[in-house]
Amino acid sequence: MRKKRDKVGDGAESLGGELGKLWALAPVPKAPAWFAARTIARLRREEEGKRCWFALPRWVWIGTGVALLAFGWFRWERQPTIQDSEVFAALNALVEEDRESRWWAGL
Amino acid sequence: MGEDRENEIDDALVRRMAEGDEEALRELIVRHQDRVYGTVARMIGGAGPDVEDLAQQVFLRIWRAAPKYRAEAKFTTWLMTVTRNLVFTFCEGRSKRMEVSDEIVDEETEDPILRKESVQERTPREDLSGKELIRAVEAACARLPMKQRLVVHLREHEDMDFSEIGEILGISELGAKSLMSRARENLKIKLSAFLTEPS
């Protein structure tokens, strides 16, 4: 797919003459025959490296893990708290109830 | 006309690649591997593992960017722009690691400021065999500033017009012509020992 340049117009803007011939002496290397195969193999290797369990990308697992941790931490922070006074009130109520039941039992 | 057809084939291949068709990538590589490999080799000097690695990276980038590709310009312009980005980044990294050129280059104009040794001093014309002459041309090419080297390669080897070269380098058509002119002058100096034409 060589583009043919305009020999009349900007075709003049080239090395030209002897310099052009000298430049053309130095060969430009061509890709080795196995280049395409090795590039595809590298692509597969790199794509494979991005995947892990159950063929899901690694970032999906990392993202899920982070989301679960954040959810757990949030729930832990939001769990209902019990004041000391409420605990003592509950204990007092238990003691009172026990005392009353003993009194009714004549103990 | 044929060029438009070639471009249509490339666009169709990229569309297939966007859908994950590896066979389309293989076809695209086969169509353009010499162009990409040759450009990378010319830019970084010779063939070797670095050339193969960079040329492969070009196609992998094309594969990954395929879903976002909009066929607004010619495919080869995009391909060579990706190649240029990778090669320039590689050369900048390499020049930080070691001194690859014996010249100090003006950042603005990319013209050599100091030349320590010329090909002429090292290799008298009479003693040159074909291989040595090729080596001298390669050395002269390697000493050209990166943009000038790329312009000369795209113009002389890929037969691209200056508007396309300008697009690849992110400069105007006039800027590309100016780089070509400077490259020609630099090469004339470096290869003066082998030229019989008056400069």
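We name chains A, B, ... by the order of the sequence lines, and we start the count at 1 in each one. Computation of the quantities below employed the complete heavy-atom set of this structure, encompassing side-chain atoms and omitting hydrogens, waters and symmetry-equivalent molecules.
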Exercise. With no hydrogens and no angle check, do the side chains of B:Gln57 and B:Asp53 hold a donor and an acceptor under 3.5 Å apart?
Worked result: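 A donor-acceptor contact under 3.5 Å links the two side chains.
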Problem set entry | Minimum heavy-atom distance between B:Leu79 and B:Thr83, given as atom pair plus value |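 Heavy-atom minimum between the residues: O-OG1, 2.7 Å.
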Exercise. In a check of salt bridge (charged side-chain N to carboxylate O under 4.0 Å, His left out) between B:Lys74 and each of B:Glu164, B:Glu8, B:Glu158, which one passes?
Worked result: B:Glu164
For this session: Report the distance from atom CD1 of B:Ile9 to atom CG of B:Leu28, rounding to the nearest 0.5 Å.
Result: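 B:Ile9 CD1 to B:Leu28 CG: 11.0 Å, rounded to 0.5 Å.
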Problem set entry | Part of A:Arg44 lying under 4.5 Å from any heavy atom of chain B |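 For A:Arg44, the contact with chain B is made by the side chain alone.
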Problem set entry | Contacting moiety of B:Leu187, where chain A heavy atoms sit under 4.5 Å |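 Contact with chain A: backbone and side chain both.
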Seminar exercise, completed: Most heavy-atom pairs under 4.5 Å with chain A, out of B:Arg26, B:Arg42, B:Glu138, belong to B:Arg42
